[in-house]
Number of protein chains: 2
Amino acid sequence: MTIEINTHILLADDHQLVIDGLKSMFQNETRYVISGEANNGQEALSLIQSDPEKFQLVITDVSMSHMTGIELCRHIKQQYPEIKVLVLSMYSGVSVVKEALSAEADGYLLKSAGKDEFIQALHRITDGGTYFAQDIIPIIYNQYQREKAHQDALSILTTREREVLSLIVKEHTSEEIARKLFLSKKTVDNHRQNILAKTGCKTTIGLVKFAIRNGME
Amino acid sequence: MTIEINTHILLADDHQLVIDGLKSMFQNETRYVISGEANNGQEALSLIQSDPEKFQLVITDVSMSHMTGIELCRHIKQQYPEIKVLVLSMYSGVSVVKEALSAEADGYLLKSAGKDEFIQALHRITDGGTYFAQDIIPIIYNQYQREKAHQDALSILTTREREVLSLIVKEHTSEEIARKLFLSKKTVDNHRQNILAKTGCKTTIGLVKFAIRNGME
DNA sequence: GACTATATAGGGATTAATACCTATTTCGCA
DNA sequence: TGCGAAATAGGTATTAATCCCTATATAGTC
């Protein structure tokens with residue numbers, strides 16, 4: 001005996017064409033049922049609020065009038081965290097993807113995705129997992145990549161200088177650093193001076209930013 | 001007429017069992033041919049160096065003696081950037097995944113992946129794309145998530161205070177800030193004092209770290 | 001053996017930041 | 001209408017950081 005569980009889906013997209021396309025895509029899928037449609041976020045939210053039990057999953061476009069898919073997602077996750085949200089988009093721009101992630105979307109898919117990928121995404125999400133379009137991983141990772149490239153900047157400093165810098169970043173004064181390292185305050189000040197010169201920074205604030213940028217702390 | 005292109009694969013894993021498992025997995029795949037095996041990174045690299053044209057793709061485990069899969073990947077990408085690398089691992093720990101990404105791996109897959117996912121990953125990678133296990137996206141994104149959660153910390157500051165803080169982070173002195181905002185230096189100092197109190201920081205360095213942590217700059 | 005980098009330490013002066021205060025104006029909210 | 005928050009400004013004192021010097025010991029390199 002197989003237990004047949006239907007997942008009721010709410011589609012939100014301001015292009016009727018997309019909604020129709022998705023509907024035809026799910027025509028033969030018994031597990032997924034399109035139980036509602038909306039042409040903007042506001043409308044979708046109203047539908048959910050009028051019967052919060054009706055939908056288990058929302059598939060929403062990003063760019064919609066009145067309320068974007070991201071905002072819709074945020075609202076849903078705040079008020080009805082048990083409802084899953086799959087965000088659709090034309091693009092895989094880093095900021096949109098990050099927005100979706102920060103809105104706690106369960107998935108992010110490009111509109112160019114085929115039926116197989118759609119079904120796979122829905123399977124994963126309804127099973128309590130997440131699904132993100134493959135292309136976005138290198139994109140959201142780019143930032144880290146960039147930082148990593150400049151990692152070696154710290155190597156222009158000597159061991160002692162790195163030690164001092166680390167304590168500076170930890171908000172210790174020259175006097176405290178001197179005590180900690182059993183040095184004269186003057187020595188510490190000289191190290192500071194040298195670190196400033198080597199890194200091309202003008203102030204302690206610059207040093208702190210330099211250190212953080214380069215993975216210290 | 002179908003053009004049949006064979007992708008020659010080099011397997012690197014220090015568990016023969018895994019190698020054998022992968023070999024049996026690709027037994028019926030005409031598109032992929034296992035053309036080499038190695039039990040550690042050093043061995044794999046030697047095989048490649050002796051005939052760089054032989055392999056189009058390397059599937060490597062992360063943890064191996066002599067040379068880890070990550071190091072192997074880094075070497076391959078530096079010397080033979082045209083060879084694709086798929087990294088395998090038991091875990092989806094954030095640091096390992098990040099290491100793999102920074103080593104410019106074309107894919108990251110868990111050993112628990114089934115044949116279908118393997119084939120899909122190989123298809124994507126040989127087509128010039130990337131494939132990363134779904135589970136890792138939320139993981140590598142966690143950092144950003146955490147920052148985002150504390151984003152609102154800046155909201156405890158008034159508009160003027162945020163303005164002043166922003167200039168502090170840009171390495172301006174109180175006097176410069178005063179000139180820029182057409183204020184008395186005293187006013188700026190008072191703002192600083194209030195910002196310190198509100199944020200619970202003791203020094204300017206603390207403020208800079210607070211600002212960066214919370215997305216300013 | 002001379003040269004260079006590193007780590008050490010000091011003198012002396014200036015500028016910047018921090019820690020306490022008080023006080024006025026303006027603006028929104030209860 | 002009065003209360004509190006925000007923004008403004010000043011006084012005074014202390015501490016910290018920065019700048020510009022000199023100087024010594026040590027270790028490694030050419």
Side-chain angles (χ1 to χ4, degrees), chain A residues 78 149-217, chain B residues 148-217:
Chain A
Q78 264 166 18
H150 294 281
Q151 182 92 328
D152 295 342
L154 278 173
S155 66
I156 59 170
L157 301 180
T158 67
T159 310
R160 200 52 152 176
E161 285 165 351
R162 275 198 297 274
E163 208 168 353
V164 171
L165 177 56
S166 163
L167 290 169
I168 290 173
V169 176
K170 288 190 182 72
E171 291 178 66
H172 295 292
T173 65
S174 293
E175 221 175 320
E176 291 169 348
I177 295 170
R179 268 203 301 277
K180 241 179 225 296
L181 301 181
F182 303 104
L183 296 172
S184 145
K185 178 189 174 289
K186 262 302 164 185
T187 303
V188 176
D189 277 334
N190 283 333
H191 282 309
R192 291 185 89 118
Q193 210 59 33
N194 293 332
I195 297 168
L196 283 172
K198 279 187 178 178
T199 57
C201 294
K202 288 189 299 289
T203 65
T204 304
I205 299 170
L207 286 186
V208 172
K209 293 199 290 183
F210 170 86
I212 291 174
R213 240 197 342 270
N214 293 108
M216 188 173 271
E217 165 116 330
Chain B
K148 199 80 180 179
H150 294 281
Q151 180 94 328
D152 296 343
L154 280 172
S155 67
I156 60 169
L157 301 179
T158 66
T159 309
R160 200 50 150 177
E161 285 165 351
R162 275 197 297 274
E163 209 168 351
V164 171
L165 178 56
S166 164
L167 290 168
I168 291 173
V169 175
K170 290 190 180 72
E171 292 178 65
H172 296 291
T173 65
S174 292
E175 220 174 320
E176 290 169 348
I177 295 170
R179 268 202 302 278
K180 241 179 226 294
L181 301 181
F182 303 104
L183 296 174
S184 145
K185 179 188 174 290
K186 262 299 159 190
T187 303
V188 176
D189 277 334
N190 283 331
H191 283 310
R192 290 184 89 117
Q193 208 62 31
N194 293 331
I195 296 168
L196 284 172
K198 280 186 177 178
T199 57
C201 294
K202 287 190 300 288
T203 65
T204 304
I205 300 171
L207 286 185
V208 173
K209 294 198 289 181
F210 170 86
I212 291 175
R213 240 197 341 268
N214 293 107
M216 187 174 273
E217 166 112 332

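Labels below follow one simple rule: chain letters A, B, ... track the order of the sequence lines, proteins then strands, and each chain is numbered from 1. These numbers come from the heavy atoms of this one structure, side chains and all, not from hydrogens, waters or symmetry mates. Since the structure is predicted, the reported quantities are computational estimates derived from the model, not experimental observations.
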Any side-chain N or O of B:S174 under 4.0 Å from OP1/OP2 of C:dA17?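 Yes, within the criterion.
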Counting just side-chain N and O atoms, does A:T204 come under 4.0 Å of either OP1 or OP2 of D:dT18? yes
Nucleotide N/O to protein N/O under 3.5 Å, stretch nucleotides 9-12 of chain D:
{"residue": "D:dA9", "atom": "OP2", "partner": "B:S184", "partner atom": "N", "Å": "2.7"}
{"residue": "D:dA9", "atom": "OP2", "partner": "B:T187", "partner atom": "OG1", "Å": "2.9"}
{"residue": "D:dA9", "atom": "O5'", "partner": "B:T187", "partner atom": "OG1", "Å": "3.4"}
{"residue": "D:dA9", "atom": "N7", "partner": "B:N190", "partner atom": "ND2", "Å": "2.8"}
{"residue": "D:dA9", "atom": "N6", "partner": "B:N190", "partner atom": "ND2", "Å": "2.9"}
{"residue": "D:dG10", "atom": "OP2", "partner": "B:S184", "partner atom": "OG", "Å": "2.8"}
{"residue": "D:dG10", "atom": "O6", "partner": "B:N190", "partner atom": "OD1", "Å": "3.4"}
{"residue": "D:dG11", "atom": "O6", "partner": "B:K186", "partner atom": "NZ", "Å": "3.0"}
{"residue": "D:dT12", "atom": "O4", "partner": "B:K186", "partner atom": "NZ", "Å": "2.8"}

Please step through salt bridge (charged side-chain N to carboxylate O under 4.0 Å, His left out) for the pair A:K198 and A:E161, ending with a clear verdict. CA-CA 10 Å; A:K198 279 187 178 178; A:E161 285 165 351; 2.9 Å; yes
At what distance, to the nearest 0.5 angstrom, does CD of B:E171 lie from OG1 of A:T204?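 Rounded to the nearest 0.5 Å, the CD-OG1 separation comes to 9.0 Å.
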Just by distance, do the side chain of B:K209 and the backbone of A:I212 share a donor-acceptor pair under 3.5 Å?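 Not confirmed, B:K209 side chain does not pair with A:I212 backbone.
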Any idea which heavy atoms bring [X] and [Y] closest together, and the distance?
| X | Y | answer |
| --- | --- | --- |
| A:L167 | A:K180 | CD2-CD, 3.8 Å |
| A:L165 | A:L157 | CD2-CD1, 3.7 Å |
| A:I205 | B:I168 | CD1-O, 3.4 Å |

Looking at every strand, decide which applies to B:N194 at a 4.0 Å heavy-atom threshold: base, sugar-phosphate, or nothing. nothing
A side-chain contact here means heavy atoms from C-beta on lying under 4.5 Å apart; do B:R160 and B:L183 qualify? yes
Nearest nucleotide by nearest heavy atom, which residue falls closer to the 5' end of DNA chain D, B:E161 or B:I205? B:E161
Only counting residues at least two apart or in another chain, list the ones meeting side-chain hydrogen bond (donor to acceptor under 3.5 Å, both in side chains) with B:E176. B:H172
Just how far, in rounded Å, is [atom2] of [N] from [atom1] of [X]?
| X | N | atom1 | atom2 | result |
| --- | --- | --- | --- | --- |
| B:K198 | D:dA7 | NZ | P | 7 Å |
| A:Q193 | C:dG10 | CD | C1' | 14 Å |
| A:R192 | D:dA16 | CZ | C1' | 8 Å |
| A:K202 | C:dA16 | NZ | P | 13 Å |
| B:H191 | C:dA19 | NE2 | C1' | 17 Å |
| B:R179 | C:dA16 | CZ | C1' | 13 Å |
| A:E171 | C:dT18 | CD | C1' | 14 Å |
| B:D189 | C:dA16 | CG | C1' | 9 Å |

Before giving the answer on side-chain contact (heavy atoms from CB on, under 4.5 Å), spell out for A:V188 and A:L181 the whole-Å C-alpha distance, their side-chain angles and the decisive distance to 0.1 Å. CA-CA 9 Å; A:V188 176; A:L181 301 181; 5.6 Å; no
Name the residue closer to the 5' end of DNA chain C, choosing between A:T159 and B:E175 according to the nucleotide with the nearest heavy atom.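 Of the two residues, A:T159 wins.
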Residue A:T158, side-chain atoms from C-beta onward, closest of C:dT6, D:dA17, D:dA6: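 That would be C:dT6.
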Difference in axis direction between the ends of the helix from C:dG1-D:dC30 to C:dA30-D:dT1, five pairs, 10°: 50°
